[in-house]
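Encoded as structure tokens, here's the structure I'll be asking about.
Numbers here are sequence positions counted from 1.
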Amino acid sequence: MPKKRSGGGLTGTQQAAKFLGVSVLAGAVLAGIALPAFGVLGLAAKGTVEGFDEIPANLKTPPLSQRTTILDKDGGPIATVYSRDRTVVPLTDISPYMQKAIVAIEDSRFYEHGAVDLKGVLRAANRNAQSGGVSQGASTLTQQYVKNVFVEEAGDDPDKVAQATQQTIGRKIRELKFAIQVEEELGKKKILENYLNITFFGQQAYGIEAASHRYFSKSAKDLKLEEAALLAGLVQSPSRYDPVNDREEATKRRNTVIQRMADVKDISQAEADRAKNTEIALKVSTPKNGCITAVKGAGFFCDYVRKVFLTDSAFGKTQEDRAKVWNQGGLTIRTTLDPQAQESAQESIKNHVYKTDEVATALSIVEPGTGKVLAMGQSRPYGGGKNETYMNLSVDEEMGGGAGYQPGSTFKPIVAAAALEQGIQPTQSYPSPYQMDYPSPVQTCKGPWTDQGVPVENENETEVGPYGMKEATAKSVNTYYVQLISQIGVCPVTELARKMGVERANGKPIDQVPSITLGTQEMSPLTMASGYATFANRGTYCTPIAIESITGPNGKELDVPKSTCSRAMSEKTADTINTLLEGVVEDGTGQEAGLGSRPSAGKTGTTDFRLAAWFVGYTPNMAGAVWVGDPQHKKKMVDITIGGQYHDKVFGGAVPGPIWRDAMSGALDGKEAPAFNTINIPNPEKDKGDRDEDRDRDRDKPGNDNGGNGNGGGDNRGDNGDQDPGNGDSDGDNPFPGFPGTFG
């Protein structure tokens with residue numbers, strides 16, 4: 001009985017002898033001898049080697065992980081993403097020098113033997129026995145290919161990779177059986193093609209095409225002799241022979257490959273000598289992987305596309321299924337991104353808010369009627385460096401964003417639309433004093449809200465009604481909108497918001513409290529842009545989409561979810577809102593956002609403590625939302641410099657408005673300028689006579705010192721259920737601390 005080491009394992013000589021016995025059996029199999037007759041040799045011993053017959057007969061080859069290309073709507077590249085940088089190419093697109101070099105150095109008898117090279121096995125076993133260890137392997141290219149398949153299947157799981165590469169007799173036997181199958185089914189040329197496409201060449205390059213581009217910036221079909229030899233030499237140890245980090249060691253290895261090619265008569269000795277005397281001439285390309293490489297500041301849109309893929313059941317039943325498809329890659333994803341709109345949005349952001357500013361901005365543009373996301377950008381670039389972030393400030397929390405931001409008075413048009421849907425006329429007038437208490441009780445979906453003595457005020461003391469809906473919207477009169485939601489109730493407002501896709505960024509339902517009329521519930525810019533697109537589309541809401549089409553690695557089109565459009569309100573209601581919001585831009589709080597002769601509509605919003613300021617606007621063919629503020633909800637935008645310009649107080653019309661104007665102007669340049677369908681809304685008679693029309697018409701202009709605060713801004717909003725109006729703390733400007741006061 002053979003002696004064992006103290007640890008229980010066989011000695012190096014005994015291991016070599018056992019390996020030799022297994023290899024001889026492999027040769028016997030190739031010769032047509034039935035393997036089970038040799039079971040007495042211990043091949044099926046439990047704990048040592050899997051029973052040969054118990055090994056599955058078919059090698060399940062996983063699709064090779066490849067790079068995925070993300071394109072804009074015109075087919076221009078946005079970014080390349082991959083788990084493994086690989087581009088699969090046929091053998092005909094691989095240089096003959098490369099084919100010969102890899103065979104010469106890794107398995108020179110490749111075309112002469114079967115799955116196992118018996119001569120090589122005997123040679124390796126003899127040398128390993130003499131050395132007392134494993135100094136030389138005997139794997140053929142076919143066996144190496146099978147091992148690479150195991151590694152590919154393991155993915156990025158370190159435990160599975162270790163199992164796939166462990167130096168055990170069991171793995172060798174398993175590798176052997178699959179190698180026999182592969183030889184029978186594929187043939188030599190296909191095995192060589194598969195091997196060259198699956199093998200790792202270092203520098204994040206998997207497969208010969210990616211390696212050729214990484215080291216020489218050229219296709220594999222154009223590799224010269226000395227270049228092919230260098231790449232073939234990397235396979236044995238990509239880190240040791242890396243020409244980028246160790247030119248001398250790489251040159252030695254390359255020359256070994258070249259000489260081997262001459263020894264097996266693939267090239268002449270003269271060719272070999274010339275090639276060996278040629279200095280390595282690298283033309284290294286930097287790995288470009290992930291959304292951080294996106295052009296035109298589209299990193300956040302790129303990441304949004306990834307999130308859409310990973311969360312939509314259309315791309316796989318489970319999260320794991322979808323992640324597997326994404327990581328395997330090889331996809332060509334054409335998105336909805338409009339390069340003109342994206343470039344204009346990013347240029348406007350850059351001109352108005354610096355990445356080093358104390359506050360940030362985010363902007364999203366969508367297409368009414370289709371839901372297509374045309375642009376998405378923000379002032380803090382995509383990345384992990386200083387003044388950079390991976391948080392997408394334009395989207396909801398589940399899509400990579402934060403908990404959202406209070407939209408302030410930009411929510412008021414939704415309240416107005418809900419009132420119109422309930423039969424309220426646009427001429428509806430309310431006293432609208434400068435200060436008042438919330439009317440109580442107010443009906444909600446859950447019953448009456450009954451808090452007493454909860455005060456609210458307008459931005460300016462001069463804003464005293466009565467007002468009709470048109471003037472109240474243009475001036476963003478808080479006390480008008482408090483009375484409006486009190487008359488119709490909270491439930492119609494939240495129901496209409498849901499139909500318009502306007503939901504809280506954190507996924508929670510909108511609180512059933514009357515203060516929602518002042519925009520106390522946190523939303524994302526993409527949500528607000530999509531919601532306002534409903535107005536532009538005359539009352540029909542379309543869910544936002546970012547993906548137009550996907551082509552798989554096999555060239556087949558994948559099913560891609562389309563936007564779902566549904567009527568949220570009547571055309572008459574939408575036309576009325578469009579008329580109201582045109583007035584905001586023409587002579588209300590949003591004058592600085594106007595697009596000149598092009599018809600546009602929109603609404604400003606400024607929240608409590610001036611933690612956030614908004615402009616959400618649209619034309620009949622584009623809708624966009626701009627938010628400016630502190631993502632951490634801490635910095636008040638008072639006495640602040642943004643984009644190199646000082647502001648004593650920030651208003652929705654003064655900072656977000658111009659960002660929206662410049663972004664939309666460039667995005668719409670050269671496109672048609674259709675008009676809105678509008679209606680005539682007469683101003684109601686006023687009991688106190690005509691007021692000075694020039695008095696504080698635009699409260700959102702910079703330098704206005706009459707402003708106060710905005711929405712309730714604390715995390716305690718809605719903590720008391722239906723009895724909580726959604727109040728926040730006062731910032732000191734408000735003589736009635738503790739009540740909400742958003743302003744235009």
Side-chain heavy-atom pair Ile545, Val373 within 4.5 angstrom cut-off:
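Not in contact.
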
Donor + acceptor pair across side chains of Thr579, Lys470 (<3.5 Å):
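Short answer, no.
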
Check ion pair Lys508-Glu503 (N to O, under 4.0 angstrom):
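Looking at Glu503 together with Lys508, the answer is no, because their closest N to O distance does not fall below 4.0 Å.
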
Please identify each residue that fulfils ring-ring contact (aromatic ring centres under 6.0 Å, His included) with Phe309, with sequence neighbours left out.
Phe315, Trp326

Given side chains that start at C-beta, do those of Tyr532 and Thr410 come closer than 4.5 Å, heavy atoms only?
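In short, these two side chains touch, coming nearer than 4.5 Å.
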
Hey, which of Glu463, Met436, Gln435 is the one that makes side-chain contact (heavy atoms from CB on, under 4.5 Å) with Thr479?
Met436

In the structure I gave you, are the side-chain heavy atoms of Val395 and Met376 within less than 4.5 Å of one another anywhere?
yes

Which heavy-atom pair separates Phe535 from Ala574 by the least distance, and what is that distance?
O-CB, 4.0 Å

Show me the donor-acceptor pairs, under 3.5 Å and distance only, between side chains in residues 290-306 and residues at least two apart or in other chains.
{"residue": "Thr293", "atom": "OG1", "partner": "Gly290", "partner atom": "O", "Å": "2.7"}
{"residue": "Asp303", "atom": "OD1", "partner": "Arg306", "partner atom": "NE", "Å": "3.2"}
{"residue": "Asp303", "atom": "OD1", "partner": "Arg306", "partner atom": "NH2", "Å": "3.0"}

Tell me which pairs pass side chain to side chain donor-acceptor pair (under 3.5 Å) where either residue lies in residues 650-667, with sequence neighbours left out.
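For residues 650-667, and leaving out neighbouring residues, the side chain to side chain donor-acceptor pair (under 3.5 Å) pairs sorted by first residue read His352-Asp662.
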
Determine, stepwise, if the pair Ile485 / Ile516 fulfils side chain to side chain contact (heavy atoms under 4.5 Å, CB included).
CA-CA 9 Å; Ile485 196 172; Ile516 64 171; 3.7 Å; yes

Measure the shortest side-chain to side-chain distance between Met500 and Ile414 over non-hydrogen atoms and say whether it is less than 4.5 angstrom.
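Of all side-chain heavy-atom pairs linking Ile414 with Met500, at least one is under 4.5 Å.
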
If you define the side chain from C-beta out and look only at heavy atoms, does anything of Ile424 sit under 4.5 Å from Ile488?
yes

Summary of side chain to side chain donor-acceptor pair (under 3.5 Å) pairs that have at least one residue in residues 667-680, sequence neighbours excluded
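For residues 667-680: Gln340-Lys671.
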
Which residues pass the side chain to side chain contact (heavy atoms under 4.5 Å, CB included) test with Asn351, not counting sequence neighbours?
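Asn351 satisfies side chain to side chain contact (heavy atoms under 4.5 Å, CB included) with Glu347 once adjacent residues are dropped.
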
Can you tell if the side chain of Thr335 reaches within under 4.5 Å of the side chain of Glu548, non-hydrogen atoms only?
no

Ignoring hydrogens, what is the shortest heavy-atom contact between Gln521 and Asp511? Give both atom names and the distance.
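Here Gln521 and Asp511 meet closest at OE1-N, 3.0 Å.
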
Who passes side chain to side chain contact (heavy atoms under 4.5 Å, CB included) against Ser549, sequence neighbours left out?
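Scan of Ser549 (side chain to side chain contact (heavy atoms under 4.5 Å, CB included), adjacent residues dropped) gives Arg334, Glu557.
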
Over 60° means perpendicular and under 30° means parallel, so tell me whether Tyr405 and Trp614 are parallel, tilted or perpendicular.
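Tilted, since the angle between the ring planes falls between 30° and 60°.
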
Least distance between heavy atoms, Thr527 atom then Val502 atom
CG2-CA, 3.6 Å

Less than 6.0 Å separating the ring centroids of Tyr430 and Tyr480?
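Tyr430 vs Tyr480: aromatic centres under 6.0 Å.
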
Quick one: do Ser476 and Thr589 satisfy side-chain hydrogen bond (donor to acceptor under 3.5 Å, both in side chains)? Show the steps, please.
CA-CA 8 Å; Ser476 199; Thr589 60; 5.7 Å; no

